Amino acid sequence: MTFKNEKQLKDFLMKKCVNAVDNTEKKVHAEFAGNLNQFYTEFKPAEYIRTGALYGSLDKTGVQTNGDSVTATVFFDKPHYEKGQIPLQSGRMGWAEWDDEKIFDYAMNRGSHGGYVEGTPIWNESINSLGNIKGLLKSELKKQGL
């Protein structure tokens, strides 16, 4: 391919980079979504009422460009949980002692469902499966011919 000027070359490269970053973001998001779904389906609480807050907190920015920079971010909006007295499935009241940090840490790194049952550690499983994300991006750039 021949380029008439520097702008054409930069536009070509930017398009390829945007595609590679977009594909990488989709793969990373899909991996986290799969492990998050696994986490939610592997345990059905008998007493407490699930809020689904963590389930709904996975998000992504989409591809963003700023000058010559191309970025995308997959993240969890840390959910907020009620602490103290909470309603239970039985209609009685229970007591929630864990704060947001502890719940998030257990779900992401230990896969623990409230300390009752071990399950899929969302972050650890996702990162182990994805491997080196920079390597994944490099692979996507190569697929784009870069």
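Residue numbers run from 1 in the order of the sequence given. Only a predicted model underlies this, so the values are computations on that prediction, with no experimental measurement involved.
In this structure, Lys27 pairs ionically with Glu140, as a charged nitrogen and a carboxylate oxygen lie closer than 4.0 Å. A salt bridge links Lys10 with Glu6; the closest basic N to acidic carboxylate O contact falls under 4.0 Å. We find that Asp22 and Lys26 are joined by a salt bridge, their nearest charged nitrogen and carboxylate oxygen being less than 4.0 Å apart. One finds no salt bridge joining Lys83 and Asp99 here, because no Lys/Arg side-chain nitrogen approaches an Asp/Glu carboxylate oxygen to under 4.0 Å.
The two residues Asp100 and His80 make their nearest non-hydrogen contact at OD2-ND1, 3.0 Å. Across all non-hydrogen atoms, the minimal contact from Thr71 to Val21 is C-CG1, 3.9 Å. When all heavy atoms of Glu47 and Ser90 are compared, the pair lying nearest together is OE1-OG, 4.0 Å. Across Glu42 and Gly111, no two heavy atoms sit closer than the pair OE2-O, 4.4 Å. The shortest heavy-atom contact between Ala20 and Leu141 is CB-CD2, 3.6 Å.
For the residue pair Thr120/Glu125, the side-chain donor-acceptor check at 3.5 Å is not satisfied.
In this structure the side chain of Asn19 never reaches within 4.5 angstrom of the side chain of Lys143, judged on heavy atoms. Between Leu88 and Met93, every side-chain heavy-atom pair lies at or beyond the 4.5 Å cut-off. Here the side chains of Val70 and Gln64 are not in contact, with every heavy-atom distance at 4.5 Å or above. Using a 4.5 Å heavy-atom cutoff, the side chains of Glu25 and Thr61 are in contact. Considering only heavy atoms from C-beta on, Pro121 stays 4.5 Å or farther from Arg110 through its side chain. Under the 4.5 Å side-chain criterion, counting only non-hydrogen atoms from C-beta, Lys142 is not in contact with Leu146.
Annotation: salt bridge (charged side-chain N to carboxylate O under 4.0 Å, His left out) contacts of Arg50 (sequence neighbours excluded): none.
Chaining together hydrophobic side chains whose heavy atoms lie under 4.5 Å apart places Ile133 alongside Val28, Phe32, Leu36, Phe39, Tyr40, Leu54, Tyr55, Leu58, Val74, Phe76, Tyr81, Trp98, Ile103, Phe104, Tyr106, Met108, Ile122, Trp123, Ile127, Leu130, Leu136.
For the pair Gln89 (side chain) and Ile49 (backbone), a donor-acceptor distance under 3.5 Å is absent.
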When you look at Ser126 and Asn35, which way does the side chain to side chain donor-acceptor pair (under 3.5 Å) test go after all the steps?
-> CA-CA 7 Å; Ser126 298; Asn35 286 311; 3.0 Å; yes
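For the ring pair (Phe, Tyr, Trp, His ring centres under 6.0 Å) condition, no pair includes a residue of residues 124-146, sequence neighbours left out.
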